[in-house]
Each structure stands twice: as C-alpha cells, then as structure tokens.
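Here's the structure we're looking at; comments come further down.
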Amino acid sequence: MANRAQVPTNNSSLIAMIADEDTIVGFLLAGVGNVDIRRKTNYLIVDSKTTVKQIEDAFKEFTSRDDIAIVLISQFVANMIRFLVDSYNKPVPAILEIPSKDHPYDPAHDSVLSRVKYLFNTESVAGDRR
C-alpha cells in the first residue's frame, strides 16, 4: 500500500484527446474541450500534415499536466508513437486507446489491454500453484 500512487484530488480534471478531426469534433460537441489562459488546448487534431514529433510533444505535454486525468488517443495515432505509449506506466493520467471512423479498434495493439491480460495470466498461474 505504501507504493500506491497518489491521485490528485483537485475539483476538476480534464480529458485530453489526440485523434483525427471527426473524433475530436465529436468530443468537443460533448463539452470536453478546454482552452486555458495561455491559449493551450486539451486536444491535438491529427491529419496528414501532422508530424510524429508534434504527436510525441502533445503526448508528453498531456501526460505531464496536473489538470488532465485521462488521455484519449486514437489507436492509429498511438501506433505512430507506440514506443511512448507502451513505456508510459503512471496511473494518472490514464491512457485509453479508442477507435476512429476510418481505423477500427484492434485489441492486439492496445497496450493497456495487453497489460491487463498479462496480469490476469500471471495471477491464474500463481493461483494454480497454491
């Protein structure tokens, strides 16, 4: 219990998004968007002109901000920076890979799902040994 991560308890936390335009617009219409005093947004629209460096920078920024609790990232975008997504291991903000209109969800590439499967497999092996 002593190694348990501290979850910030501020009154409001944001959801950040890195995805294609259609996905971002849907979440913005649902009220998820935010622009702060410095004109920084909580989303990055990825299109054909977006570089991998821009995606990496947005991912690093969103995962280091204290006001963000969840980062939603389209799976096809996460595949572009898979090394960063797979190496991220903090509980907050949580990283969730989501499908997009043009790219269906593939559970084989989801890092969170693979970690959960690994944990359940090791627990079932340990349980069988008892």
Checklist entry - With side chains defined as the heavy atoms from C-beta onward, is the minimum distance between Ile68 and Ile15 less than 4.5 Å? => result no

Checklist entry - For Phe59 and Ile95, what are the C-alpha separation, side-chain angles and deciding distance, and is it a side chain to side chain contact (heavy atoms under 4.5 Å, CB included)? => result CA-CA 10 Å; Phe59 183 82; Ile95 309 299; 3.9 Å; yes

Checklist outcome for this item: For Val35 and Arg39 the tightest heavy-atom approach is CG1-CA, 3.7 Å

Checklist entry - Is the backbone of Phe76 close enough, under 3.5 Å, to the side chain of Ser74 for a donor and an acceptor to pair up by distance? => result no

Item to check | Check: Tyr43 and Leu14 side chains under 4.5 Å, non-hydrogen atoms | outcome: no

Next on the checklist: Check for me, please, whether Ile45 and Val32 land in the same ILVMFWY cluster - side-chain distances under 4.5 Å, paths through other members count.
Outcome noted: yes

Item to check | Hydrophobic cluster identity match, Ile70 and Leu84, side-chain contacts under 4.5 Å | outcome: no

Next on the checklist: Once rounded to the nearest 0.5 Å, what's the spacing between atom CZ of Phe62 and atom OG1 of Thr41?
Outcome noted: 5.5 Å

Next on the checklist: For Ile18 versus Ile24, what's the shortest heavy-atom pair and its separation?
Outcome noted: N-CD1, 4.4 Å

Item to check | Set of side chain to side chain donor-acceptor pair (under 3.5 Å) partners for Lys90, sequence neighbours left out | outcome: none

Checklist entry - Counting N and O atoms only, with roles assigned by atom type, does the side chain of Asp86 sit under 3.5 Å from a partner on the main chain of Ile81, one being a donor and the other an acceptor? => result no

Next on the checklist: Measuring only between side-chain heavy atoms, which start at C-beta, is Asp57 closer than 4.5 Å to Glu61?
Outcome noted: no

Item to check | Qualifying salt bridge (charged side-chain N to carboxylate O under 4.0 Å, His left out) pairs with a residue from residues 17-27, counting only residues at least two apart or across chains | outcome: Asp22-Lys101

Next on the checklist: Apply side chain to side chain contact (heavy atoms under 4.5 Å, CB included) to residues Ile73 and Met17 and explain how you reach the verdict.
Outcome noted: CA-CA 6 Å; Ile73 183 167; Met17 299 160 292; over 6 Å; no

Item to check | From CG (Asp67) to CG (Asp36), nearest 0.5 Å | outcome: 7.5 Å

Next on the checklist: Would the distance check show the side chain of Asp47 and the main-chain N or O of Thr50 forming a donor-acceptor pair, the cut-off being under 3.5 Å?
Outcome noted: yes

Next on the checklist: Counting C-beta onward and ignoring hydrogens, is there a side-chain heavy-atom pair between Met80 and Glu56 closer than 4.5 Å?
Outcome noted: no

Checklist outcome for this item: For Ala58 and Leu44, the nearest pair of non-hydrogen atoms, with its separation, is CB-CD2, 3.6 Å

Checklist entry - Can you list the steps and then say if Val25 with Leu29 is a side chain to side chain contact (heavy atoms under 4.5 Å, CB included)? => result CA-CA 6 Å; Val25 168; Leu29 289 171; 4.0 Å; yes

Next on the checklist: Evaluate Glu97 against Val85 for side chain to side chain contact (heavy atoms under 4.5 Å, CB included), listing each step before the verdict.
Outcome noted: CA-CA 10 Å; Glu97 296 181 27; Val85 174; 3.6 Å; yes

Item to check | Val71 and Pro93, any side-chain heavy atoms less than 4.5 Å apart | outcome: yes

Next on the checklist: Would the distance check show the side chain of Asn34 and the main-chain N or O of Asn42 forming a donor-acceptor pair, the cut-off being under 3.5 Å?
Outcome noted: no

